[in-house]
Colleague: 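Got a structure for you, questions after.
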Amino acid sequence: QVQLVESGGGSVQAGGSLTLACIVSGDPATTDLTSWFRQAPGKEREAVAGIRSRSSETLYWDSVKGRFTISQNNAKNVVSLQMDSLKPEDTGVYYCAARAKAVGGLWYLTGTYKYWGQGTQVTVSS
């Protein structure tokens with residue numbers, strides 16, 4: 001089992017920055033991909049960025065490329081999301097999710113993730 005706890009959300013003006021952290025506990029060795037998703041009011045949950053545990057390969061949704069940076073620490077138990085040049089459309093609840101090993105599939109599909117955090121609110125005002 002894996003537990004995920006997000007922190008670092010808050011309110012910021014457009015153009016500002018925030019850093020989110022996802023603490024991974026339990027048995028993270030059973031997962032191979034940790035990602036951030038977000039959900040705005042009335043919209044579906046969408047992928048933001050992902051990082052592969054073993055290779056540290058990073059993956060980004062087009063709308064955040066060049067503005068967001070995902071990283072993990074050496075122990076692979078903290079996954080961070082540095083968000084710069086924030087826009088009002090980045091507003092939403094941000095979730096950390098981990099995928100079990102050998103599941104496979106496209107990284108941005110929510111249905112392939114077994115473990116989810118409770119989410120942290122990010123609000124960007126214009």
Colleague: In the structure I gave you, are the side-chain heavy atoms of Leu86 and Leu18 within less than 4.5 Å of one another anywhere?
Modeller: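 Yes, close enough: below the 4.5 Å cut-off.
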Colleague: Consider only side-chain heavy atoms of I, L, V, M, F, W and Y, link residues closer than 4.5 Å, and tell whether Val5 and Val79 are in one cluster.
Modeller: no
Colleague: Would you say the side chain of Ser17 lies within less than 4.5 Å of the side chain of Gln82, judging by non-hydrogen atoms?
Modeller: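 Yes, close enough: below the 4.5 Å cut-off.
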Colleague: What residue pairs, at least two apart or across chains, pass disulfide bond (SG atoms under 2.5 Å apart) with a residue in residues 46-83?
Modeller: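 Disulfide bond (SG atoms under 2.5 Å apart) check on residues 46-83 returns no pairs.
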Colleague: Between Arg99 and Lys114, is there a side-chain heavy-atom distance shorter than 4.5 Å?
Modeller: no
Colleague: Taking the six-membered ring of Tyr95, is NZ or CZ of Arg45 closer than 6.0 Å to its centre and within 45° of its axis?
Modeller: yes
Colleague: Can you tell me if Glu6 uses its side chain to pair, donor with acceptor, with the backbone of Gln118 under 3.5 Å?
Modeller: yes
Colleague: Excluding sequence neighbours, so at least two apart, what forms salt bridge (charged side-chain N to carboxylate O under 4.0 Å, His left out) with Glu57?
Modeller: Arg52
Colleague: With a 4.5 Å cut-off on side-chain heavy-atom distances among I, L, V, M, F, W and Y, is there a chain of contacts connecting Leu4 to Leu20?
Modeller: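 No, Leu4 and Leu20 fall in different hydrophobic clusters.
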Colleague: Measure from the side-chain N and O atoms of Thr91 to the backbone N and O of Val124, and report whether any donor-acceptor pair falls under 3.5 Å.
Modeller: yes
Colleague: Would the number of heavy atoms belonging to other residues, nucleotides or ligands and lying under 6.0 Å from CD of Gln13 be above 12?
Modeller: no
Colleague: Any pair with a residue in residues 43-126 that passes disulfide bond (SG atoms under 2.5 Å apart), sequence neighbours left out, goes on the list, sorted by first then second residue, please.
Modeller: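 Counting only pairs at least two positions apart or across chains, the disulfide bond (SG atoms under 2.5 Å apart) contacts touching residues 43-126 are Cys22-Cys96.
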Colleague: Going hydrophobic residue to hydrophobic residue with side-chain gaps under 4.5 angstrom, can you get from Tyr115 over to Val93?
Modeller: no
Colleague: Could you pull out all residues at least two apart from Gln3 that satisfy side chain to side chain contact (heavy atoms under 4.5 Å, CB included)?
Modeller: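 Counting only residues at least two positions away or on another chain, Gln3 forms a side chain to side chain contact (heavy atoms under 4.5 Å, CB included) with Gln1, Ser25.
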Colleague: Considering only residues two or more places apart or on different chains, which pairs with a residue in residues 64-74 satisfy side-chain hydrogen bond (donor to acceptor under 3.5 Å, both in side chains)?
Modeller: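 Checked against side-chain hydrogen bond (donor to acceptor under 3.5 Å, both in side chains) - neighbours excluded - the pairs reaching residues 64-74 are Ser56-Gln72, Asp62-Lys65, Arg67-Asp90, Asn73-Asn77.
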Colleague: How far apart are the C-alpha atoms of Val24 and Val2, what are their side-chain angles, what is the distance that settles it, and do they pass the side chain to side chain contact (heavy atoms under 4.5 Å, CB included) test?
Modeller: CA-CA 7 Å; Val24 185; Val2 172; 3.7 Å; yes
Colleague: Under 3.5 Å, is there a donor-acceptor pair between the side chain of Thr123 and the main chain of Ser11?
Modeller: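 Pair absent, no side-chain N/O of Thr123 close to backbone of Ser11.
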Colleague: Kindly give the heavy-atom pair with the smallest separation between Ser126 and Pro88, and that separation in Å.
Modeller: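 In terms of heavy atoms, the two residues are closest at CB-CG, 3.9 Å.
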Colleague: Should Arg54 and Asp32 count as an ion pair when the cut-off is N to O under 4.0 Å?
Modeller: no
Colleague: Filter on ring-ring contact (aromatic ring centres under 6.0 Å, His included), then keep only pairs touching residues 22-71, sequence neighbours left out; what's left?
Modeller: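 Only Phe37-Tyr113, Phe37-Trp116, Trp61-Tyr108 qualify under ring-ring contact (aromatic ring centres under 6.0 Å, His included).
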Colleague: In terms of hydrophobic clusters joined by side-chain contacts under 4.5 Å, are Val122 and Leu81 together?
Modeller: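 Hydrophobic grouping puts Val122 with Leu81.
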